[in-house]
Amino acid sequence: MQREAPDRHFYAEMRDLNLEFLMLVMRCRQRPGEPVFGLDAAVVDHLRRLGPAQLESMATTPCLLAGLRATPPPGLVRAAEPRLGEESPPAADGCVFAAGLLTYVCQMVRRDPLRAALCAGPAPGWPAAGLRLRDIHACARQARLHLEARFCRHPRFWPDLVCAAREGEPRRLELARLAAIQLAVAELGPVQPPPAVPLQVRVAGAH
């Protein structure tokens with residue numbers, strides 16, 4: 001059976017999540033020099049200077065720009081629901097985003113695990129495959145504590161993406177976005193070759 005190409009809703013939802021994550025990064029307040037979701041303070045500072053159209057251009061990166069840290073807790077668990085008004089605005093924003101992210105990945109893992117691994121990262125970093133939709137909001141409070149910008153440990157991905165968005169040169173911007181695909185493939189590890197088939201040599205005259 002031939003695999004269907006991703007539909008428009010798939011890309012539109014991913015773009016919306018990426019844009020929401022960029023806005024979340026920009027709203028976070030940290031001490032001078034402190035990273036935000038794994039991003040260097042200098043990258044965050046440049047990000048906050050971008051306009052709406054430039055942020056939109058970053059959001060169309062063909063992979064999720066947000067993920068969970070590579071060493072998440074051993075399975076997200078339901079947390080007690082907070083009382084109304086208990087959480088601060090930044091924490092509430094993080095919970096809302098985490099819930100949307102988990103919902104998106106949960107649905108994607110069930111429909112197409114391979115595409116999910118490419119767009120959202122390796123399966124060990126995502127407990128979403130085993131989550132029921134009714135549990136996601138309760139788990140989001142814990143998940144927000146482990147949110148991280150994808151590829152934040154790569155020295156050039158985020159600086160190049162922000163710089164390309166700021167300059168607006170189409171070719172450079174496209175290359176910066178496509179770099180996410182290369183990094184996502186690298187996250188999945190080397191492709192295992194098929195097992196070798198022993199070569200049978202028939203000796204002349206043998207029966």
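All values below come from the heavy atoms of this structure, side chains included, with hydrogens, waters and symmetry mates left out. Keep in mind the model is a prediction, meaning the values are calculated, not measured.
Here the closest heavy-atom approach between residue Leu68 and residue Ala143 is recorded as CD2-O, 3.8 Å. Of all the heavy atoms in Cys106 and Ile136, the pair that sits closest is CB-CD1, 4.2 Å. Heavy atoms only, all atoms of each residue included: Ala59 and Leu19 are closest at CB-N, 3.7 Å. Nearest heavy atoms, Cys152 versus Leu39: CB-CD2, 4.1 Å. Heavy atoms only, all atoms of each residue included: Leu183 and His154 are closest at CD2-CD2, 3.5 Å. Nearest heavy atom pair, residue Ala98 against residue Arg144, reads CB-N, 4.0 Å.
Residues Leu47 and Met58 have side chains in contact (heavy-atom distance under 4.5 Å, counting atoms from C-beta outward). Side-chain contact between Val36 and Leu24 is absent, with no heavy-atom pair separated by less than 4.5 Å.
In this structure, the side chain of Asn18 does not engage the main chain of Ala66 through any donor-acceptor pair within 3.5 Å. For the pair Asp40 (side chain) and Val43 (backbone), a donor-acceptor distance under 3.5 Å is absent. Using a distance-only test at 3.5 Å, with no hydrogens or angles considered, a donor-acceptor pair links the side chain of Tyr104 to the main chain of Phe10. In this structure, Gln54 contributes its side chain and Gly51 its backbone to a donor-acceptor pair below 3.5 Å.
For the salt bridge (charged side-chain N to carboxylate O under 4.0 Å, His left out) condition, the pairs that include at least one residue of residues 47-66, sequence neighbours left out, are Asp45-Arg49. The ring-ring contact (aromatic ring centres under 6.0 Å, His included) analysis of residues 35-55, with sequence neighbours excluded, yields the pairs Phe21-Phe37.
Between Met108 atom CE and Cys119 atom SG the span is 5.5 Å, to the nearest 0.5 Å. Rounded to the nearest 0.5 Å, atoms CZ (Arg27) and CG (Asp93) are 4.5 Å apart.
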List the steps, then state whether side chain to side chain contact (heavy atoms under 4.5 Å, CB included) holds for Thr103 with Gln107.
CA-CA 6 Å; Thr103 300; Gln107 294 175 342; 3.9 Å; yes
Verify side chain to side chain contact (heavy atoms under 4.5 Å, CB included) between Cys139 and Gln142, making sure each step is shown before the conclusion.
CA-CA 6 Å; Cys139 296; Gln142 185 182 358; 5.9 Å; no
Are Leu65 and Trp158 close enough, and set up right, to give a side chain to side chain contact (heavy atoms under 4.5 Å, CB included), and what steps lead you there?
CA-CA 10 Å; Leu65 292 177; Trp158 279 93; 4.1 Å; yes
Test side chain to side chain contact (heavy atoms under 4.5 Å, CB included) applied to Val44 and Met26, step by step:
CA-CA 7 Å; Val44 177; Met26 294 171 65; over 6 Å; no
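Here Asp160 pairs with Arg156 under the side-chain hydrogen bond (donor to acceptor under 3.5 Å, both in side chains) rule; sequence neighbours left out. When the side chain to side chain contact (heavy atoms under 4.5 Å, CB included) test is applied to Leu145, no partner is found at least two apart in sequence or on another chain. Judged as a side-chain hydrogen bond (donor to acceptor under 3.5 Å, both in side chains), and not counting sequence neighbours, the contacts of Glu187 are Arg150.
There is a path of hydrophobic side-chain contacts, each under 4.5 Å, that joins Val162 to Leu55. Hydrophobic clustering places Leu50 together with Leu17 (ILVMFWY residues linked when any side-chain heavy atoms are closer than 4.5 Å, directly or through intermediates).
Comment: Arg153 engages Glu148 in a salt bridge, judged by a side-chain N to carboxylate O separation of less than 4.0 angstrom.
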Can you give the donor-acceptor pairs under 3.5 Å from side chains of residues 172-181 to other protein atoms, not counting sequence neighbours?
{"from": "Arg172", "atom 1": "NH1", "to": "Glu167", "atom 2": "OE1", "distance (Å)": "2.8"}
{"from": "Arg172", "atom 1": "NH1", "to": "Glu167", "atom 2": "OE2", "distance (Å)": "3.1"}
{"from": "Glu174", "atom 1": "OE1", "to": "Arg177", "atom 2": "NH2", "distance (Å)": "2.9"}
{"from": "Arg177", "atom 1": "NH1", "to": "Ser57", "atom 2": "O", "distance (Å)": "2.9"}
{"from": "Arg177", "atom 1": "NH1", "to": "Thr60", "atom 2": "OG1", "distance (Å)": "3.0"}

